[in-house]
Every structure is written in C-alpha cells, then in structure tokens.
Amino acid sequence: MRTFLKYFYEILSQFFSGFISIFKGLVDGVKKIFDIKSYIKIAGEYKGDFNISEWVLFGVSILILLVFVAVIVLLIVYIIRKYIRFRKTVIEQESMLDEISDLNGRVASLLKEKEDILAMKISQLGLKPDESATLDTSTEGTSGSEEELDKNTAIRFAKLHDVDIQYENYKIPNYGNSFTLPELVEIFRNFAASQLRLYYKTEMIRLFISALASTKLVILQGISGTGKTSLAYAWGKFLKHDSCVASVQPSWRDRSELFGYFNEFTKKFNETDILKTLYEAGYTDDIHTVILDEMNISRVEYYFAEMLSILEMPNQDEWIVEVVSSGWPSDPIHLKNGKLKIPPNCWYIGTINNDDSTFMVTDKVYDRAMPLDINDKGQVFDPIDTPAQDINYSYLNNLFQDAIAANQMSDKILEKIEEMDDYVIKHFRIAFGNRIVAHMKKFVPVFVACGGEEVEGVDYFIAKKILRKFEQLNISLIRDEIDGFVEFLNKTFGENKMKECIEYVLRLKKMS
C-alpha cells in the first residue's frame, strides 16, 4: 500500500507541476513583455552605433510593439465582453422560457376554472355535466349560451346589490319633524359648534339653507382654511348621513369619474361611492350629500356636464341617467334597463379654491349653481348642546315650497331688479337670463323665511350670481362706469342697502 501511495503522489506531482509550469511560464512571459528596464538596457547597448536612419527605425519598432500590445489587450477585453453578453442573453432566454412555462400553467388553470363554472351553470339549468358538450355557444339562437348565463346569474353591480339586500325590508320612517326654517338655522349652527367645534355665523348658515332651496348644486368658494369642506361635512353629520366625499382629480374628463364604468374583461361594473350614494338615496326619504372637493382642479363642465343638464329639468321624473347601455336580469332593482333615476333628496356641494393650479369655473356651471363665499373664520361662541337630527326630505322640501309661496318677491323689488338689469346692459353689456331669475325667486323667499331681509338676500344673490360676470370684462375700460353704478344702486335700492354689490364692484375698481 505504501508503494502505491508513493507512486500515486509522484503521478499527481508530475501532472500538476505541468499546470504550474504553464501558469508560471505565462506569468513570466507577461513580465518579460512589460519589462521596461530590459528594453532600456538593450537600447542602451546599441544606441552608440545607430545612425540617423536607424534611430528612425528604432522609433518605428517601439511604436509597432506598443500597437501590438494594445491590440492584444483590446482583443482580450472584446472577448470577455462578448462572453458576458452571451451569458446574459442565455440567462434572459432561460428566464423567459420559465415565465412562458408559468403562464401556460396559469392559462391551463383558468381554462379548467372556466370549465368548472360553465359546468356549474349548466347544472343550474337542469342538465347533466356530460350534456354540456351539446351546448354550442357559437350557434345562433342558443338560449343556453355562456353570455346569457352571465346575464342571468352574474352580479355586475356588487355595491348596489349590497344596498338592495340592506334595504330589502326597509320602510320609510316618519320622523315627525316640527321645526321651522329659522329654528333649523339655529339647530344646525349649534350642532356644528357643540359637536364638531365648527363655528359659523348665523348669516352664513342662513345663506347655506337658502342655497339648498334654490338649486341642487351649491358651490362653496373662498380662501383656503375658512371651512368650506367642513361646512358640507358638518351638514352630513347633522343629518346622520355622512357626506360622500369625492376628491376631484386633474384626470377627471367625463361622467365615468362620477358613476364608474363597465369592465368588458371582467364583466363587472366598477361602481363609485357617488353612484352608491345616489342609489341608496332612492330607497329613503332622508337627505344625502355628495361633496365634490376642489371641484375645479379639473374642468367641471367636462365630468359634471350631464348632471348639470339633468338637474335643470323641471320634471323630476326626467332625472334619469344611463349607467350602462342595456340591462341584465341580475341588475339592481332600481336600475331599469341600465338607467337610474337621480333622487331629488340628494344635494351636490362643490368646494373651490381659486389659484393657479385650478381651472376657472365657467358661466354654464355658475348659472346652474348657487355660489357662496366663505372668506371669514367664524367667531367662537358658547353653543347649546345639540345632537344630530333625523330629518325627512319631504318635510324640508315642503318647508322650502311653503316659504317660496309665502314670501314671494314683491313687485317693487322686481321692478328695481329690472331697472338694474337695463342699467347693466347699457353700461357694461352684461345681461342675466330667466334661469337666474328663477333661482332668485327661490333663494330670496327662503332667505327671508330663515330670518333675513329681502333686500339683503337680493344683494347677496346679485353680487354672487350676476356681478361676478364683470370679471370677464376688461376692468380698465369700465373703471369710470363703476362710480356711476354705485350711485345707481344707492339711489334705486336705498343708501348702503346693496353692501355686497357695492363692495364687490369697488374691489374690482381697485384691482384695475
């Protein structure tokens, strides 16, 4: 055994010494190639015998050697890079093949799942699973096609379906409300202060309630931090129905941002919270609120255009929006043939910040809405502890209608408004249409019923709905007309009776 080990040791020594000699020789060769001292020594031995031509050839020989070495180095680098790139390609191909294999497995799994679902649907029709092969989904007139099965059994409105279940046995309660409009103003004001620590002036709450009576779209505008969104939020809390807050995004372009859209791939409808709120409001006699926060960060007339037109129709039976193009038997109860009736017990409150990051709200929107300016912080006061209220929409709406009938604008004030209209047309080339007058005839009577004065309501309405159109004019050209207009307002309506209008036009004059 010792003899064999000695033999085996000598064999391995001979074998590996060859490898060592190769690497040693390679290292020695590289050292000799880059041994600069040897080159200098050789050149020193012959430099005394060189003539001029030989010195030139000496320089050329050195240059050739340098080029040769550079070529060898570049070739080695090129080979290494080529190898690395080749390996990377191979690895990517292997990874892609693994991914394709994984996707093929998923497709096979999905196909099996589809077959299982189809078999389950077929069994629901009373057929045996092995009879499914006789159902040809490509044959015209086949009543058992997969598409027909989907329409009868698939639930594409999950949120609305949940609302149907929630309100299946719901009966509209009568809350027995007995408050008056002035009492409503104080109740809401005290609730906001005592429960939410939000303090508003009585005048602001009075304007807010009057705005709700005049239109379904209320716009709260003003500087940031004055409580625009908070007021709408408090209103929802006060009614025991939290407001649906929709934060408008710059990408909003059409009504799908409000209601959602049908996904053709999943066969499901992506419902928004706004759509759910509208659908739920259709079941109740409660008051619901949708807040469009920073509504002018995108163009309002794009995504809210259809709603503006619908809410302007005098007949509420025509307040219908098409959610999908056709109905399925499995659709929610109140979605008839893909259409939903917009309930009258829902208001839309938009908040606006006027700065460089937002779009200007057009006349089309302002004419259909009631803008309210919130530029002052409310003063802290000691409120009466007031809980949230259950309020029937029908009761509040009757209060509004009774107030409009009982406090119709006097002929005298209407004549003065007509005179003002003629004056504004003559001097500023601006007029307001019947729609604005109709809003005024709702806003002012309710404002009076809430405890305000008729002239005060007219003043605020004209300043926010009519005179705001002056911003479209070249103020420098009408600057000299403003003093005459202020004098006309004082003479026609009474000295300093139109404070909002006068302050507004004088502020425009300072800006010119």
(request) Would you tell me whether Tyr393 and Asp285 have side-chain atoms, one donor and one acceptor, within less than 3.5 Å of each other? (result) no
(message) Please tell me whether Glu280 and Tyr167 have a donor and an acceptor in their side chains that are separated by less than 3.5 angstrom.
(response) yes
(request) Would you give the length of the straight line joining atom NE2 of His439 to atom OG1 of Thr215, rounded to the nearest 0.5 angstrom? (result) 4.5 Å
(request) Please confirm whether Tyr283 and Tyr170 have ring centers closer than 6.0 angstrom. (result) no
(request) Using the test salt bridge (Lys or Arg N to Asp or Glu O under 4.0 Å), find all partners of Lys201 that sit at least two apart in sequence or belong to another chain. (result) none
(request) May I ask you to check whether Asp385 and Gln195 show a side-chain donor-acceptor distance below 3.5 Å? (result) yes
(message) For Lys216, give me all partners under salt bridge (Lys or Arg N to Asp or Glu O under 4.0 Å), at least two apart in sequence or on another chain.
(response) none
(request) Locate the shortest heavy-atom distance separating Gly222 from Asn353; write the atom from each residue and the value. (result) O-OD1, 3.5 Å
(message) Less than 4.5 Å apart, side chain to side chain, heavy atoms only: is that true for Phe157 and Asp162?
(response) no
(message) If I compare all heavy atoms of Leu212 with all of Trp235, which pair ends up nearest, and what's the gap?
(response) CD1-CZ2, 3.6 Å
(request) Using a 4.5 Å cut-off on heavy atoms from C-beta on, say whether the side chain of Lys341 contacts that of His334. (result) no
(message) For Asn270 and Asn263: C-alpha separation, side-chain torsions, deciding distance, then whether side chain to side chain contact (heavy atoms under 4.5 Å, CB included) applies.
(response) CA-CA 7 Å; Asn270 289 26; Asn263 189 320; 4.3 Å; yes
(request) Report, as yes or no, whether the 6.0 Å neighbourhood of atom CG on Asn375 holds more than 12 heavy atoms from other residues, nucleotides or ligands. (result) yes
(message) Please find the pair of heavy atoms, one from Leu372 and one from Ala211, that lie closest to each other, and give the distance.
(response) CD1-CB, 4.1 Å
(message) Set out, in order, the CA-CA distance, both residues' side-chain angles and the distance that settles side chain to side chain contact (heavy atoms under 4.5 Å, CB included) for Leu340 and Ile320, then state yes or no.
(response) CA-CA 6 Å; Leu340 177 67; Ile320 297 174; over 6 Å; no
(message) Please verify the inter-ring angle class for Trp328 with Phe262; under 30° counts as parallel, over 60° as perpendicular, anything in between as tilted.
(response) perpendicular
(request) Report the distance from atom NZ of Lys24 to atom OG of Ser21, rounding to the nearest 0.5 Å. (result) 7.5 Å
(request) Please tell me if the side chains of Tyr366 and Thr362 come closer than 4.5 Å, counting only heavy atoms from C-beta onward. (result) no
(message) Contact between Lys464 and Pro371 at the side-chain level, heavy atoms closer than 4.5 Å - yes or no?
(response) yes
(message) Salt bridge check, Asp331 against Lys336: does any charged N sit closer than 4.0 Å to a carboxylate O?
(response) no
(request) State, yes or no, whether a side-chain contact exists between Ile172 and Thr284 at a heavy-atom distance under 4.5 Å. (result) no
(message) Checking Asp373 against Arg468 for the salt bridge (Lys or Arg N to Asp or Glu O under 4.0 Å) test, could you report, in this order, the C-alpha distance in whole Å, the side-chain angles of both residues, the deciding distance, and whether it holds?
(response) CA-CA 12 Å; Asp373 281 358; Arg468 55 159 297 277; over 6 Å; no
(message) For Asn345 versus Asp286, what's the shortest heavy-atom pair and its separation?
(response) ND2-O, 2.7 Å
(message) Let me confirm one number: the SG-CG distance from Cys244 to Asp273, rounded to the nearest 0.5 Å.
(response) 5.0 Å
(message) Please evaluate residues Leu231 and Ile374 with respect to the criterion side chain to side chain contact (heavy atoms under 4.5 Å, CB included), reporting the C-alpha separation (whole Å), side-chain torsions for both, the decisive distance (0.1 Å), and the verdict.
(response) CA-CA 10 Å; Leu231 177 59; Ile374 305 180; 3.9 Å; yes
(request) Answer yes or no: is there an ion pair linking Lys339 with Glu322, defined by an N-O contact shorter than 4.0 Å? (result) yes
(request) Verify, without hydrogens or angle tests, whether Ser194 (side chain) and Thr386 (backbone) share a donor-acceptor contact under 3.5 angstrom. (result) yes
(request) Indicate yes or no: at least one non-hydrogen side-chain atom of Thr289 is less than 4.5 angstrom from one of Ile349. (result) yes
(request) Taking all heavy atoms of Phe269 and all of Phe259, pick out the closest pair and write down the distance. (result) CE2-O, 3.4 Å
(message) Do Met307 and Arg255 have side chains that approach each other closer than 4.5 Å (heavy atoms only, starting at C-beta)?
(response) no
(request) Answer yes or no: is there an ion pair linking Asp367 with Lys469, defined by an N-O contact shorter than 4.0 Å? (result) yes
(request) Give a yes or no on whether the ring-centroid distance for Tyr199 and Phe381 is below 6.0 angstrom. (result) yes
(request) State the CD1-CZ distance between Ile205 and Phe188, to the nearest 0.5 angstrom. (result) 5.0 Å
(request) Answer with yes or no whether the side chains of Tyr233 and Asp242 bring together a donor and an acceptor at under 3.5 Å. (result) no
(request) Could you check if a side-chain atom of Met370 sits within less than 4.5 angstrom of a side-chain atom of Lys465, using non-hydrogen atoms only? (result) yes
(request) Using modelled atom types only, decide if a donor and an acceptor are shared between the side chain of Asp254 and the backbone of Tyr303 within a distance under 3.5 Å. (result) no
(message) To check you understand the geometry: which heavy-atom pair defines the closest contact between Thr272 and Lys159, and what is its length?
(response) C-NZ, 4.4 Å
(message) Is the distance between the ring centroids of Phe304 and Trp252 under 6.0 Å?
(response) no
(request) Determine, step by step, whether Val290 and Trp347 satisfy the side chain to side chain contact (heavy atoms under 4.5 Å, CB included) criterion, reporting the C-alpha distance in whole Å, the side-chain angles of both residues, the deciding distance to 0.1 Å, and the verdict. (result) CA-CA 6 Å; Val290 172; Trp347 272 268; over 6 Å; no
(message) With a 4.0 Å cut-off on N to O distance, would you call Glu271 and Lys276 a salt bridge?
(response) no
(request) Would you check if the side chain of Ser243 reaches a backbone N or O of Ala232 as a donor-acceptor pair within less than 3.5 Å? (result) yes
(message) Once rounded to the nearest 0.5 Å, what's the spacing between atom OG of Ser256 and atom CG of Leu275?
(response) 12.0 Å
(request) Verify, without hydrogens or angle tests, whether Gln389 (side chain) and Pro387 (backbone) share a donor-acceptor contact under 3.5 angstrom. (result) yes
(request) Quick one: pull up CG in Asp164 and CD in Glu168 and give me the separation to the nearest 0.5 Å. (result) 8.5 Å
